[in-house]
Amino acid sequence: MIKKLLLVFLLVITGCTKELPQPKINTFYKEVITADDRKTITPEEAKTYHVDTGYQYEYRTGNSGHYEYNYDVKGIDSKGDSVFGNINVQGKFGAGILLDTVKNIEIKTQWIAQGKLKAIDTNGNEYNLIVP
């Protein structure tokens, strides 16, 4: 019986030469929203615009299960320098702008813990951010 199972196992392994389609790799930063989303509120979003000072977000739009939140953030870059900015987040992912004295830095974000985000800019620089 064991010999038969071993033979079947070997046939299955050696007979599978066709490559199976590879699953799409999930990237850390998903294209959910863009940094420009935080600049304007569409007429559709204005219908559900909500401010609640009991929470950390500046405002939210959307409906239950599909809210988009706007946050002021601060943190540090990979060199330890302070940064701050504003982001929009929907679900686990978001995008926004870090404000710099020379230029604005466009970032993509992901929640990593309660009130904490990881961000990456278009040049691959990483930032650790919090919602104050």
Side-chain angles (χ1 to χ4, degrees):
M1 179 69 173
I2 294 177
K3 288 182 180 181
K4 286 182 183 178
L5 287 174
L6 185 59
L7 179 62
V8 169
F9 179 73
L10 289 172
L11 287 173
V12 169
I13 290 176
T14 58
C16 293
T17 57
K18 182 181 176 188
E19 257 188 59
L20 297 174
Q22 296 297 312
K24 187 175 180 180
I25 296 172
N26 290 330
T27 60
F28 184 79
Y29 301 98
K30 296 193 184 263
E31 296 288 334
V32 175
I33 58 178
T34 67
D36 288 339
D37 286 345
R38 53 175 272 294
K39 292 180 181 177
T40 59
I41 296 174
T42 66
E44 190 64 30
E45 289 174 327
K47 293 176 186 175
T48 60
Y49 183 90
H50 177 75
V51 175
D52 186 337
T53 57
Y55 292 94
Q56 291 178 309
Y57 60 82
E58 298 299 310
Y59 65 85
R60 79 167 188 231
T61 60
N63 298 308
S64 182
H66 299 285
Y67 289 124
E68 184 173 312
Y69 296 91
N70 178 272
Y71 295 95
D72 287 331
V73 294
K74 66 180 182 178
I76 58 171
D77 62 16
S78 57
K79 299 174 192 170
D81 295 331
S82 294
V83 295
F84 66 96
N86 184 265
I87 62 170
N88 274 16
V89 178
Q90 185 175 28
K92 191 173 182 177
F93 303 96
I97 299 289
L98 294 178
L99 307 172
D100 190 317
T101 55
V102 178
K103 62 178 179 159
N104 290 338
I105 303 167
E106 190 173 313
I107 57 169
K108 301 232 185 264
T109 65
Q110 178 179 344
W111 290 110
I112 56 171
Q114 179 72 31
K116 296 180 181 181
L117 301 113
K118 269 288 191 211
I120 190 167
D121 67 20
T122 53
N123 294 324
N125 299 312
E126 291 189 17
Y127 304 86
N128 292 309
L129 304 173
I130 61 167
V131 176

Between Ile112 and Lys118, what is the shortest heavy-atom contact and its length? CG2-CG, 3.7 Å
When hydrophobic residues are tied together by side-chain contacts of less than 4.5 Å, even through go-betweens, does Ile120 share a cluster with Ile97? no
Cluster link Ile105 to Val83, ILVMFWY, side chain under 4.5 Å: yes
Shortest non-hydrogen contact between Pro132 and Lys74, atoms and distance: CB-CE, 3.9 Å
Go through Val73 and Tyr127 one step at a time and tell me if the side-chain contact (heavy atoms from CB on, under 4.5 Å) criterion holds. CA-CA 11 Å; Val73 294; Tyr127 304 86; over 6 Å; no
From Arg60 CZ over to Tyr49 OH, what is the distance, rounded to the nearest 0.5 angstrom? 12.0 Å
Taking every heavy atom of Lys116 against every heavy atom of Trp111, the minimum-distance pair comes out as O-CE3, 3.4 Å
Have Glu58 and Asn70 got a donor and an acceptor in their side chains that come within less than 3.5 Å? no
Any non-hydrogen side-chain atom of Tyr55 less than 4.5 Å from a side-chain atom of Val131? no
Here the gap from Lys108 atom NZ to Ile87 atom CD1, rounded to the nearest 0.5 Å, amounts to 12.5 Å
Taking the side chain as C-beta and beyond, is there a heavy-atom pair between Asn104 and Leu99 under 4.5 Å? yes
Check whether any side-chain heavy atom of Tyr57 sits under 4.5 Å from a side-chain heavy atom of His50, and report yes or no. yes
Just so I know, are the side chains of Ile41 and Tyr59 near enough to count as touching, which here means a heavy-atom distance under 4.5 Å? yes
Short question: side chain of Asp77, backbone of Lys79 - any donor-acceptor pair under 3.5 Å? yes
Which atom of Ala95 lies closest to which atom of Thr109, heavy atoms considered: N-OG1, 3.9 Å
Quick one, Leu117 with Tyr71, criterion side-chain contact (heavy atoms from CB on, under 4.5 Å). Give me CA distance, side-chain angles, the key distance, then yes/no. CA-CA 11 Å; Leu117 301 113; Tyr71 295 95; over 6 Å; no
Given Glu68, which of Thr61, Asn88, Thr48 fulfils the side-chain hydrogen bond (donor to acceptor under 3.5 Å, both in side chains) condition? Asn88
Kindly write out the residues that satisfy side-chain hydrogen bond (donor to acceptor under 3.5 Å, both in side chains) with Asp72, not counting sequence neighbours, or none if the list is empty. Asn86
Going by heavy atoms in the side chains, are Ile107 and Leu129 under 4.5 Å from each other? yes
